[in-house]
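Reviewing the structure listed below.
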Amino acid sequence: QDSNHAYEFGVHCRNIIDQWVGIPVRIGIGPTKTLAKIASHLAKKKIGGTGVVCLNNSSHIVGALKNLPINEIWGIGRNLSRRLNAIHVYSSYELMKMDTRLIRKKFSVVLERTVRELRGEQCLSVQNAQEPKKQIIVSRSFRGQTSGLNQLQPLISNFAVRAGEKLRQEGQKCSQVSVLIATSPFSKQDQYRGFNSIQFSSPVNDTRSILAGAMRALQDCFKQGYAYSKAGVLLSQFSHPTVMQKSLFDDLHGRIEQKQDENLMRCIDSMNAEKLQVYYASQLPRQLLPMNKKMMSPKYTTNWLDLPTAN
């Protein structure tokens, strides 16, 4: 009865998504995360039907695993498949029947968890809340090559502003900003990769402080005479915005002047969200950015101008 209810719920979810969004999806249901992913894989391979596969019944699970190669299991790659084939394990059912102590001894505890999941034991929990980020990086490649510091500064400013927006969206503050610049690895000219970090005396999420740190880091890692084709800004060492760990030595080692005004940042973010673009003086307007976007995917679901045209 529970199996039938789960299957009917899956069909209901698929129909709602198809009706509201218009995107066909496949739904897999199972007692563990690994079995649910296997069910989803089978639903994609199955032609016709409802697009929903439920593996709540033991006989259905055994039947599915007997016909499923081990390289189709979530978390088992090509190299691990070869090692398992070397000991005559080819199907998912054969893997499920292996001794977990042998699996742990010859392979890893991760594979042991996979085997237990195939048997219906929950070892991998479903994460409902997304883990907070530990780093934020904004980087781009350029259409051409840039050799001057004056040309790189507005680009780094744009990256720093975007990184600051992402940081505030995450609800965090950073204690370190880093800048990377690099020449093209395919160029026959001299190669150089520059990277430098600036430490803040206390965590910030104010774009003005991030900009000041990024400009200082760029000046320290920039070298004249190279044709740069890529640059980026990295924010790290995050902390919660309510936690403030200040330094006793703010005036030493040439610390940059830090600014922190959350009300101002909130106001600027809200204006930018309404398409009233607010630029900092050191930025380069978006339409003048020398970015290489030839391989960028069209925004079929969010931009009318990117919709495909049928003749």
Side-chain angles (χ1 to χ4, degrees), residues 21 33 124-141 152-182 194-218 220-221 230-247 250 255-286 289 291 293 295-297 299-303:
V21 185
K33 200 171 183 178
L124 304 172
S125 59
V126 178
Q127 296 179 350
N128 295 322
Q130 187 176 4
E131 291 288 332
K133 293 181 179 179
K134 297 182 179 180
Q135 287 183 335
I136 290 177
I137 184 169
V138 179
S139 64
R140 299 289 187 275
S141 296
L152 280 174
Q153 283 176 335
L155 300 176
I156 292 296
S157 294
N158 280 20
F159 300 155
V161 170
R162 180 59 185 139
E165 292 174 351
K166 289 185 175 183
L167 181 66
R168 291 189 292 275
Q169 289 172 2
E170 287 286 315
Q172 301 198 76
K173 291 183 177 180
C174 71
S175 296
Q176 182 174 278
V177 58
S178 306
V179 168
L180 59 97
I181 52 176
F195 184 87
N196 194 57
S197 300
I198 295 296
Q199 194 79 21
F200 296 117
S201 58
S202 60
V204 298
N205 61 7
D206 192 306
T207 297
R208 297 170 296 173
S209 297
I210 296 173
L211 277 170
M215 290 299 102
R216 174 75 65 83
L218 174 62
D220 292 343
C221 67
K230 185 177 182 179
V233 171
L234 171 69
L235 304 182
S236 56
Q237 298 185 14
F238 292 169
S239 60
H240 196 272
T242 59
V243 178
M244 180 64 70
Q245 179 66 50
K246 292 191 175 182
S247 172
D250 289 353
R255 295 281 188 182
I256 62 173
E257 181 183 356
Q258 293 185 204
K259 298 178 180 180
Q260 182 62 41
D261 190 332
E262 297 194 14
N263 291 329
L264 175 62
M265 293 298 106
R266 192 179 300 112
C267 179
I268 293 177
D269 289 342
S270 63
M271 293 177 67
N272 288 340
E274 297 295 331
K275 306 300 182 183
L276 303 174
Q277 190 67 44
V278 177
Y279 288 100
Y280 292 82
S282 61
Q283 280 188 267
L284 188 67
R286 185 174 299 173
L289 289 178
M291 300 304 159
K293 297 184 177 181
M295 305 301 293
M296 186 174 69
S297 301
K299 305 180 184 68
Y300 292 130
T301 59
T302 58
N303 193 332

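Between Ser139 and Phe159, the closest side-chain pair of non-hydrogen atoms is not below 4.5 Å. When side chains are defined from C-beta on, Ile198 counts as touching Asp220, because their heavy atoms get closer than 4.5 Å. Looking at heavy atoms from C-beta onward, Phe195 lies out of side-chain contact with Cys221 at the 4.5 angstrom threshold. Counting heavy atoms from C-beta on, the side chains of Glu170 and Glu165 never come closer than 4.5 Å. In this structure, the side chains of Ile136 and Leu234 stay at 4.5 Å or more apart for every pair of heavy atoms. Put simply, the side chain of Arg208 reaches to within 4.5 Å of the side chain of Leu264, judged on heavy atoms.
Closest approach of Gln153 and Met215 over heavy atoms only: O-CE, 3.6 Å. The minimum heavy-atom distance linking Phe238 with Gln172 is given by the pair CB-OE1, 3.4 Å. Of all heavy-atom pairs spanning Tyr280 and Thr207, the tightest one is OH-CB, 3.4 Å.
Here Gln169 contributes atom CD and Asp269 contributes atom CG; the two are 7.5 Å apart, rounded to the nearest 0.5 Å. Here the CD atom belonging to Gln135 is positioned 8.0 Å from the OG atom belonging to Ser178, to the nearest 0.5 angstrom.
Side-chain contact, Gln260 with Asn205: a donor N or O sits under 3.5 Å from an acceptor N or O.
Take Asp261 and apply the side-chain hydrogen bond (donor to acceptor under 3.5 Å, both in side chains) test, not counting sequence neighbours, and it matches no residue. Under the rule for a side-chain hydrogen bond (donor to acceptor under 3.5 Å, both in side chains), the partners of Ser282 that lie at least two apart in sequence or sit in another chain are Ser157. By the side chain to side chain contact (heavy atoms under 4.5 Å, CB included) test, Gln237 pairs with Ser175, Gln176, Gln199, sequence neighbours left out.
For the pairing with Leu218, the side chain to side chain contact (heavy atoms under 4.5 Å, CB included) check across Asn196, Ile181, Val233 returns one residue only, Ile181. Each of Val138, Ile137, Val177, Val204 was checked for a side chain to side chain contact (heavy atoms under 4.5 Å, CB included) with Leu235, and the lone residue meeting it is Val177.
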Take Lys173 and Glu262 through the test side-chain contact (heavy atoms from CB on, under 4.5 Å) and record every step on the way to the result. CA-CA 11 Å; Lys173 291 183 177 180; Glu262 297 194 14; 3.4 Å; yes
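Around atom NZ of Lys33, more than 12 heavy atoms belonging to other residues, nucleotides or ligands sit under 6.0 Å away.
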